[in-house]
Amino acid sequence: MINTNTPFQNADRCQTHFDIDMRFKKSTNAVHRGREKKCLAILLAARYGFVSAITCQAIWQIKRHKVLESLNRIVKEGFLSIAETDRAADGRIYVLTHSGAKFASDLMRIDVPFRSAQEPITQVNQNAIMHDSIMSFVLSLGLQNQTKDGIPKPLWDGYLTELEFKRIHSSSNIKNVDALVRLANGEVAAVELEASFKRKPQHEKTLLKLRDAMLGGNRLYDKVFIIPCSQKINNDTQRFHKQLFEEMPHRYDRKTKRPLLSETDAKKLQEKIIYRTKFIDTIEQTFYR
């Protein structure tokens with residue numbers, strides 16, 4: 001359950017999504033294993049807007065041609081459509097059909113909106129395909145994480161995608177996050193993927209919105225995981241954050257005449273921002289080679 005020691009905005013609606021089981025358990029029975037693959041592929045497509053063979057391969061741990069065979073079977077059953085695009089690292093994604101959306105709704109017990117389109121690729125935001133592919137990859141690997149001995153050790157036990165976050169938190173005053181994850185202790189962490197270099201003012205704006213989301217009266221999450229896509233981006237992000245935490249308490253808002261960030265909030269925020277570098281090598285090898 002979500003940690004509710006302090007007010008947590010829309011906790012019940014988030015909980016419903018956190019409870020959707022997205023772990024692949026790999027049944028020893030071939031029939032059951034096939035159904036597990038189908039259900040998971042359809043759930044991924046519903047929650048992110050599409051599913052990629054890259055993510056499925058990482059979860060199922062089988063060769064790519066076997067992944068494509070499985071996804072193509074789901075296409076033939078009428079639950080997915082293939083959309084070829086240069087925006088995907090491997091040249092294609094799979095989106096839900098109307099039947100697939102209905103199936104996903106039944107699996108999740110949550111309504112899955114469906115927008116019919118003549119071309120499947122127009123069902124998704126094409127500018128976000130690479131970003132969302134990496135997010136589905138990272139969140140899935142976090143669920144499937146295990147020790148060197150093969151013992152399951154998930155980094156989180158459930159998540160809320162950006163698409164779902166926007167539906168729940170529709171206010172323009174709330175900073176969208178790339179995902180929320182529920183941790184084993186009941187805390188909720190936002191996940192922010194840093195896939196490109198940003199200017200210092202952009203980082204400043206982000207830090208202020210993160211402060212409002214974690215230290216304000218209506219808390220949205222407990223901490224933030226920053227997931228950089230390269231070591232250079234990681235170094236750049238941490239450098240700007242360090243500078244801003246030192247500078248912002250000594251700069252004043254023109255309207256309120258108060259510091260942009262109090263010393264106390266700066267310290268709390270620093271403690272709540274965690275830079276997760278675990279996925280850097282895997283992301284680079286999978287998406288940028």
Side-chain angles (χ1 to χ4, degrees), residues 48-49 86-89 124-139 160-163 165-166 169-181 189-216 219-289:
Y48 294 92
D86 291 336
R87 303 293 182 96
V124 300
N125 177 0
Q126 296 179 57
N127 293 326
I129 288 175
M130 179 66 87
H131 177 277
D132 294 348
S133 294
I134 296 173
M135 279 306 305
S136 69
F137 179 78
V138 166
L139 293 179
L160 181 84
T161 68
E162 180 180 12
L163 195 61
F165 183 90
K166 287 178 178 178
H169 301 287
S170 57
S171 171
S172 59
N173 295 323
I174 293 176
K175 180 189 182 301
N176 286 327
V177 295
D178 294 326
L180 294 182
V181 294
V191 177
E192 285 284 79
L193 186 73
E194 292 291 348
S196 61
F197 293 96
K198 293 179 180 176
R199 294 176 292 106
K200 193 172 181 178
Q202 291 175 287
H203 284 294
E204 179 179 306
K205 187 176 180 180
T206 294
L207 290 177
L208 290 173
K209 288 201 171 185
L210 291 177
R211 174 202 61 189
D212 295 341
M214 290 188 288
L215 306 180
R219 204 160 41 92
L220 293 174
Y221 35 86
D222 302 291
K223 59 183 67 173
V224 180
F225 293 153
I226 304 290
I227 299 183
C229 289
S230 76
Q231 190 57 56
K232 288 183 178 180
I233 291 175
N234 177 53
N235 294 341
D236 202 60
T237 300
Q238 292 201 46
R239 177 172 60 84
F240 277 136
H241 283 188
K242 183 179 179 181
Q243 291 175 7
L244 288 165
F245 282 130
E246 292 174 353
E247 296 169 5
M248 290 169 72
H250 305 289
R251 288 170 40 214
Y252 290 80
D253 185 293
R254 291 181 180 179
K255 292 182 180 179
T256 65
K257 309 300 182 184
R258 301 176 66 180
L260 286 176
L261 190 67
S262 70
E263 293 276 6
T264 301
D265 284 353
K267 184 177 180 180
K268 288 180 180 178
L269 207 51
Q270 279 182 289
E271 293 172 351
K272 290 177 176 290
I273 296 178
I274 300 161
Y275 306 92
R276 304 295 298 259
T277 59
K278 173 183 176 67
F279 300 101
I280 288 178
D281 290 343
T282 308
I283 290 172
E284 288 191 316
Q285 292 167 11
T286 305
F287 293 93
Y288 296 106
R289 57 183 178 180

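- Partners of K223 under the salt bridge (Lys or Arg N to Asp or Glu O under 4.0 Å) rule, at least two apart in sequence or in another chain, are E187.
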What verdict does the side-chain contact (heavy atoms from CB on, under 4.5 Å) test give for E263 and H250, after you've listed the backbone C-alpha separation in whole Å, the side-chain angles of each residue and the deciding distance to 0.1 Å? CA-CA 9 Å; E263 293 276 6; H250 305 289; 3.6 Å; yes
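- Closest approach of L139 to A179, counting heavy atoms only: CD1-CB, 3.7 Å.
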Worked check of side-chain contact (heavy atoms from CB on, under 4.5 Å) between M135 and V191: CA-CA 9 Å; M135 279 306 305; V191 177; 3.8 Å; yes
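- Legend: residues meeting side-chain hydrogen bond (donor to acceptor under 3.5 Å, both in side chains) with Y252, ordered by chain and number and at least two apart, are absent.
- For Q270, there are no side-chain hydrogen bond (donor to acceptor under 3.5 Å, both in side chains) partners, not counting sequence neighbours.
- Between F240 and T206, every side-chain heavy-atom pair lies at or beyond the 4.5 Å cut-off.
- Residues that satisfy the side-chain hydrogen bond (donor to acceptor under 3.5 Å, both in side chains) test with S133, not counting sequence neighbours, are absent from this structure.
- The CD1 atom of I280 sits 12.5 Å away from the NZ atom of K232 when rounded to the nearest 0.5 Å.
- Here the straight-line distance linking atom CG of N125 with atom CZ of R87 works out to 8.5 Å at 0.5 Å rounding.
- For E247, the side-chain hydrogen bond (donor to acceptor under 3.5 Å, both in side chains) partners are K200, not counting sequence neighbours.
- Across I227 and V138, no two heavy atoms sit closer than the pair CD1-CG1, 3.6 Å.
- Between the E192 side chain and the D178 main chain, a donor and an acceptor come within less than 3.5 Å of each other.
- Summarising the geometry of I134 relative to C229, their closest heavy-atom pair is CD1-SG, 4.2 Å, with the distance given to 0.1 Å.
- Ring planes of H241 and Y275: tilted class, angle from 30 to 60°.
- Residues P228 and I283 come closest through the heavy atom pair O-CD1, 4.3 Å.
- For the atom pair CD (E246) and CD (Q243), the distance works out to 7.5 Å, reported to the nearest 0.5 Å.
- Put simply, the side chain of D132 does not reach to within 4.5 Å of the side chain of T161, judged on heavy atoms.
- When all heavy atoms of A213 and Y221 are compared, the pair lying nearest together is CB-OH, 3.2 Å.
- The backbone N or O of I174 lies less than 3.5 Å from no partner atom in the side chain of K209, so there is not a single donor-acceptor pair.
- Interatomic distance, CZ of R276 versus CG of N234, reported as 12.5 Å (0.5 Å rounding).
- For the pair K175/L220, no side-chain contact is recorded, criterion being any heavy-atom separation below 4.5 Å from C-beta on.
- Between K267 and E271 there is no salt bridge, since no side-chain nitrogen of the basic residue lies less than 4.0 Å from a carboxylate oxygen of the acidic one.
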Using the rule given for side-chain contact (heavy atoms from CB on, under 4.5 Å), can you reason through L261 versus F245, listing the C-alpha separation, both sets of side-chain angles and the distance that settles it, and then say yes or no? CA-CA 8 Å; L261 190 67; F245 282 130; 4.0 Å; yes
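- In this structure, R251 contributes its side chain and L260 its backbone to no donor-acceptor pair below 3.5 Å.
- Nearest approach of P249 to A266, heavy atoms of both residues: CG-CB, 4.2 Å.
- Taken from CG in D236 to NZ in K198, the straight-line distance is 11.0 Å, to the nearest 0.5 Å.
- Residue pairs meeting the side chain to side chain donor-acceptor pair (under 3.5 Å) criterion with at least one partner in residues 278-289, sequence neighbours excluded, are N145-K278.
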Would L215 and K272 count as a side-chain contact (heavy atoms from CB on, under 4.5 Å) if you check the C-alpha gap in whole Å, the side-chain angles of each, and the deciding distance to 0.1 Å? CA-CA 10 Å; L215 306 180; K272 290 177 176 290; 3.8 Å; yes
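- The OG1 atom of T237 sits 8.0 Å away from the CZ atom of F197 when rounded to the nearest 0.5 Å.
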